[in-house]
There are 2 protein chains.
Amino acid sequence: MEKLDECARQLLDTAPQIMRSIRAEMRSHRGHDLSIPQFRTLTFIHQNPEASLSPLAEHLGLTLPSTSKLVDGLVNEKIISRRESKEDRRKLTLALTKNGEDILRAARGATQNRLKDILHELPADELSVILRALNLLQPLFMKGMKEAKTHVPAHS
Amino acid sequence: MEKLDECARQLLDTAPQIMRSIRAEMRSHRGHDLSIPQFRTLTFIHQNPEASLSPLAEHLGLTLPSTSKLVDGLVNEKIISRRESKEDRRKLTLALTKNGEDILRAARGATQNRLKDILHELPADELSVILRALNLLQPLFMKGMKEAKTHVPAHS
DNA sequence: TTCTAATAGTTTCAATATCTAACTATATCA
DNA sequence: TGATATAGTTAGATATTGAAACTATTAGAA
């Protein structure tokens, strides 16, 4: 149980610092500024074609009104498109525009480069450890979300 | 370099999800609601006794006015104390109140428990991998901050 | 078939968080 | 000593988010 305690503690201390680097880069690369929630929205829609608003809200951890507003802004900027779903007229179908795909790709590229800058001095075996850990963590934190609801986002 | 790419990509995808869980717990446990920046402020001051405002701002990735306001709110709630520094009257010295320490302890405890809930099903060897990875990542993301400035936060 | 309940999303209002510009006070340097 | 640098505050503007209220659509019960 000591390891479990230590993992929880380290995660709590490290995750915010990682996010700080990510946020800084999202906001500093040339071109379109994206907030973290905007970036996460684009990523979610990219990974979940035909997504509607509610699963997006759930993924973001935001309420429906907040998510609706967020999407509004992105629609206004022609980054995503929003249309009525074919199977259920209450639902929206969200999609990235071409512009949105470009912006997402640029943001990911720049931010991943930044992270690579930070990580590049690590030897390969340590990168392997980190990669393995991330592969363990990712499903858990997606899984946590699944437990809350039954809607499972599809992952590439 | 493939591993480096993959690490950067996974980090970019996983860190926000981890933060989502942390944020949700910070906001849901009984007692005092803390925002992530507030929590990070308390943690920083706890780990850096006698800290002034500028290194805190730097740590948070916020501007001085924003940090000043954030601290204002916490001072008003008697969570931290603020006084003029002895060596330099331009500088503040920030400290946790007793109340602040209680609140931080409670927030950490609850959030760590939440993370433990998520992680507990992992076998010990996998926890070891995660722990090792976090121990590798943490200094890097603190180090990144050091590179930006010369002021090195002391760590327990 | 009709009516009620549930669901998806929007709008309004209020609160909170953050940045920029401008400013004050203090310390350092030429 | 005066100019410059540094630490922090205030005011104003903008962005983000939740709660309450509302509309439209779908599903389920009678």
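Each chain gets a letter, A, B and so on, in the order its sequence line appears, and its residues count up from 1.
- One N or O on the side chain of A/Thr97 and one on the backbone of A/Lys78 form a donor-acceptor pair closer than 3.5 Å.
- Atom CD1 in A/Ile36 sits roughly 15 Å away from atom C1' in D/dA15 (whole-Å rounding).
- As rounded to whole Å, 18 Å separates atom P of C/dT16 from atom CG of A/Leu62.
- The distance from atom CZ of A/Phe39 to atom C1' of D/dT16 is 19 Å, rounded to the nearest whole Å.
- Atom P of nucleotide C/dA15 and atom CG of B/Asn76 are separated by 17 Å, given to the nearest angstrom.
- With hydrogens and angles disregarded, a donor-acceptor distance shorter than 3.5 Å links the side chain of B/Thr43 to the backbone of B/Phe39.
- Comparing A/Glu87 and A/Gly61 along DNA chain D, the residue whose closest nucleotide (by nearest heavy atom) sits nearer the 5' end is A/Gly61.
- Formation of a donor-acceptor pair under 3.5 Å by the A/Thr111 side chain with backbone atoms of A/Ala107 is found in this model.
- Here A/Arg23 pairs with nothing under the salt bridge (Lys or Arg N to Asp or Glu O under 4.0 Å) rule; sequence neighbours left out.
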From CA spacing to verdict: side chain to side chain contact (heavy atoms under 4.5 Å, CB included), B/Gln10, A/Gln138: CA-CA 8 Å; B/Gln10 275 283 57; A/Gln138 211 227 1; 3.8 Å; yes
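- The distance from atom CG of B/Leu70 to atom P of C/dT18 is 7 Å, rounded to the nearest whole Å.
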Base versus backbone protein contacts along nucleotides 6-14 of chain D [heavy-atom cut-off under 4.0 Å; B, S, -]: BSBBB----
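- Distance B/Leu60 CG to C/dT16 C1': 16 Å, rounded to the nearest Å.
- Looking at A/Asp13 and B/Arg108, a side-chain N of the basic residue comes within less than 4.0 Å of a carboxylate O on the acidic one, giving a salt bridge.
- The nearest whole Å value for the distance from the CD atom in A/Glu84 to the C1' atom in D/dT26 is 13 Å.
- Remark: C1' of D/dA15 and CE of A/Met26 are 18 Å apart, rounded to the nearest angstrom.
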